[in-house]
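Quantities reported herein were computed from a predicted structural model and do not represent experimental measurements.
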Amino acid sequence: MAKIYEEPSRTFSEYLLVPGYSSVDCRVENVSLKTPLVKFKKGEEPAITMNIPMTSAIMQAVSGDELAVALAKEGGISFIFGSQSIESQANMVRKVKSHKAGFVQSNTNIRPDQTIGELLELKEKTGHSTTAVTEDGTSEGKLLGIITSRDYRISRTPLTDKVSQYMTPFENLIYAESGITLSEANNIIWDNKLNSLPIVTKDQRLEYFVFRKDYMDHKEYPDELLDSAKRYIVGAGINTRDYELRVPALVEAGADVLCIDSSEGYSEWQAKTLAFIRERYGDTVKVGAGNVVDADGFNYLAEAGADFIKVGIGGGSICITREQKGIGRGQATAVIEVAKARDEYFEKTGVYIPICSDGGIVYDYHMTLALAMGSDFLMLGRYFSRFDESPTNKVQLNGTYYKEYWGEGSARARNWQRYDLGGDAKMKFEEGVDSYVPYAGSLSDNVRQSLLKVKSTMCNCGTLDIPTLQREAKITMVSATSIVEGGAHDVILKDQISSVGK
């Protein structure tokens with residue numbers, strides 16, 4: 001007969017953290033949320049470390065290039081969704097990588113013989129008011145001038161006039177030559193009261209812009225996650241079908257890390273995908289795998305060469321895999337078992353493979369529980385889908401604003417590759433729904449608020465970093481009655497009285 005587990009599988013809502021001794025040093029400003037993203041050997045540093053334990057889900061409704069930049073500014077990583085063409089996904093990755101902290105490759109360029117009307121169309125498309133005027137209209141063409149929104153008036157300037165009539169010509173520009181440091185470039189900007197400084201090669205070709213705004217952004221986002229060239233770090237999702245074409249394109253576009261996007265990762269398909277990447281790139285390309293819910297799945301992917309392993313099946317808010325197929329496991333139970341397997345693997349091999357809790361996060365305190373149970377970082381879908389930076393529409397329903405949110409297994413996404421079990425290249429039935437989530441505003445405000453709660457809870461546990469939390473946290477199960485006790489009860493809330501009055 002089948003193996004039957006004696007214990008039921010549990011969710012995060014069935015647990016609470018028990019406070020520990022807090023010293024005077026246990027203050028939120030002293031808490032570090034740094035965490036490894038990819039595997040490393042004992043005594044060595046991981047190739048990629050995040051400043052916060054948050055990644056965004058590999059979903060059409062979540063991880064576009066705008067959210068990837070916003071999350072990298074906070075210290076986390078987005079995985080650009082793979083359920084799109086290879087070219088489109090690679091272009092999204094390039095957009096993120098072009099946001100080099102300090103040095104920005106121009107993506108708003110025009111020829112001098114083009115019209116003001118064409119300039120306005122370009123501005124509408126990119127949202128940028130500073131436009132490089134190059135000989136061929138490309139980002140690396142010979143720089144002939146710059147035109148900004150201060151150089152013309154839409155109400156008075158004929159749309160048929162040429163850009164050359166209004167641009168500031170190169171000979172009147174303040175610029176810097178290639179090779180200048182960011183500090184030197186910022187000094188020129190401040191000394192000359194500039195908003196932007198073009199960086200050009202000796203033959204006058206445009207290389208980068210340095211913007212005054214980016215200097216201010218860096219001060220506002222001290223945890224921003226950057227590569228060695230001071231560009232934002234970004235991930236990308238891949239599947240087990242077209243990886244031989246998709247992986248090279250994403251690597252060429254500059255993706256820092258890849259992740260196999262699959263509802264169930266304990267499969268030969270993932271081992272084949274990992275083998276291709278290792279044979280072609282060795283360990284230079286970092287790639288995560290999953291999802292799994294037990295020790296067997298973890299060990300299989302660890303031996304197959306995964307750099308991190310995602311945990312969770314059926315726990316996402318828009319996922320109906322458990323309803324449709326009857327597979328999965330309570331997220332808390334899955335994380336606890338896989339974390340134990342991760343630690344045993346580390347003891348045996350000296351290789352630490354981070355695990356990512358994917359799904360099951362309903363409340364902010366669930367984040368702290370997931371970390372305490374052994375997760376190195378979290379992958380969040382619904383959480384990020386609510387923000388301005390997610391790629392979905394904001395809609396008004398009954399006077400309240402919402403954002404659209406749909407699963408990769410829904411008819412809308414039709415991401416059959418994520419649920420692929422071989423055979424026909426099509427989606428056989430839905431494993432996700434199409435929905436709305438309450439609109440929540442900007443990513444930065446919400447992420448900082450959530451992580452403030454995480455840090456505060458860690459202080460209550462007497463811990464100042466994630467590894468210490470995992471070693472020393474005390475966790476208790478709660479009864480259904482104590483869950484009720486934990487919320488407001490036996491009182492009449494004021495807002496309920498107000499709503500009755502209306």
Side-chain angles (χ1 to χ4, degrees), residues 28-29 31-37 48-59 62-81 91-108 126-128 130 182-183 185-186 189 195-196 208-236 253-257 356 364 367 377-381 383-392 403 439-455:
V28 292
E29 61 267 25
V31 175
S32 169
L33 293 179
K34 288 183 181 294
T35 192
L37 177 74
I48 304 175
T49 297
M50 293 191 292
N51 292 326
I52 63 171
M54 287 177 138
T55 63
S56 67
I58 310 169
M59 300 175 67
V62 180
S63 295
D65 53 276
E66 185 178 352
L67 189 131
V69 170
L71 184 52
K73 285 182 177 180
E74 298 299 327
I77 295 178
S78 283
F79 286 86
I80 301 294
F81 67 92
N91 283 336
M92 282 191 175
V93 170
R94 287 191 188 94
K95 284 184 179 180
V96 180
K97 298 308 290 185
S98 71
H99 281 77
K100 183 177 179 182
F103 294 95
V104 180
Q105 190 172 25
S106 177
N107 70 345
T108 309
T126 65
H128 297 158
T130 298
L182 182 58
S183 177
N186 279 318
I189 287 175
N195 287 323
S196 64
Y208 298 113
F209 273 111
V210 176
F211 291 96
R212 176 190 292 258
K213 175 179 173 293
D214 287 343
Y215 175 85
M216 303 305 294
D217 280 353
H218 181 68
K219 297 298 182 184
E220 185 180 350
Y221 301 101
D223 290 327
E224 59 185 354
L225 196 59
L226 308 173
D227 63 17
S228 59
K230 296 191 180 298
R231 300 171 301 178
Y232 291 120
I233 287 180
V234 63
D256 298 279
V257 58
C356 167
D364 286 346
M367 298 181 188
F377 58 97
L378 318 170
M379 181 167 279
L380 304 160
Y383 178 87
F384 286 115
S385 70
R386 304 171 300 147
F387 304 148
D388 288 318
E389 296 84 358
S390 75
T392 63
K403 292 275 282 187
Y439 167 66
S442 76
L443 179 145
S444 181
D445 291 343
N446 284 275
V447 165
R448 293 184 184 191
Q449 178 71 12
S450 295
L451 294 182
L452 180 62
K453 295 179 186 178
V454 172
K455 290 179 178 181

ask   = Would a distance-only check, ignoring hydrogens and angles, find a side-chain to backbone donor-acceptor pair under 3.5 Å from K97 to A253?
value = no
inquiry  = Quick check: closest heavy atoms across K403 and S390, and the distance to 0.1 Å?
reply    = CE-OG, 2.9 Å
request  = Calculate, to the nearest 0.5 Å, the distance between atoms OG and CD1 belonging to S196 and I189 respectively.
outcome  = 7.0 Å
inquiry  = Just verifying a value: how many Å separate L443 CG and S56 OG, rounded to the nearest 0.5 Å?
reply    = 8.5 Å
request  = Please round to the nearest 0.5 Å and tell me the distance separating atom OG1 of T55 and atom CE of M379.
outcome  = 3.5 Å
key: Heavy-atom donor-acceptor pair, K34 side chain to M50 backbone, under 3.5 Å   = no
task = Answer yes or no: is there a donor N or O on one side and an acceptor on the other, between the side chain of S63 and the main chain of A57, under 3.5 Å?
result = yes
task = Could you tell me whether a side-chain N or O of N51 sits under 3.5 Å from a main-chain N or O of D223, the two making a donor and an acceptor?
result = yes
query = Which atom names give the shortest non-hydrogen contact between M54 and L71, and what distance separates them?
reply = O-CD2, 4.1 Å
note = One should read off an interatomic distance between L67 CG and F384 CZ, to the nearest 0.5 angstrom, of 6.5 Å
remark   = Here the pair of heavy atoms bringing I80 nearest to I58 is O-CG2, 4.1 Å
message = I need the minimum non-hydrogen distance between I233 and A72, along with the two atoms involved.
response = O-CB, 3.9 Å
request  = Begin from the C-alpha positions of D364 and S450 and carry the test side chain to side chain donor-acceptor pair (under 3.5 Å) through to its verdict.
outcome  = CA-CA 6 Å; D364 286 346; S450 295; 3.2 Å; yes
query = Can we say R231 and D256 salt-bridge, meaning some charged N sits less than 4.0 Å from an Asp/Glu carboxylate O?
reply = no
task = Answer yes or no: is there a donor N or O on one side and an acceptor on the other, between the side chain of E389 and the main chain of A70, under 3.5 Å?
result = no
inquiry  = I'd like to know whether NZ of K455 has more than 12 heavy-atom contacts from other residues, nucleotides or ligands below 6.0 angstrom.
reply    = yes
key: Rounded distance [0.5 Å steps], CE in M59 versus CZ in F81   = 11.0 Å
message = Could you check whether R94 pairs with D65 (Lys NZ or Arg NE/NH1/NH2 to Asp/Glu carboxylate O, under 4.0 Å)?
response = no
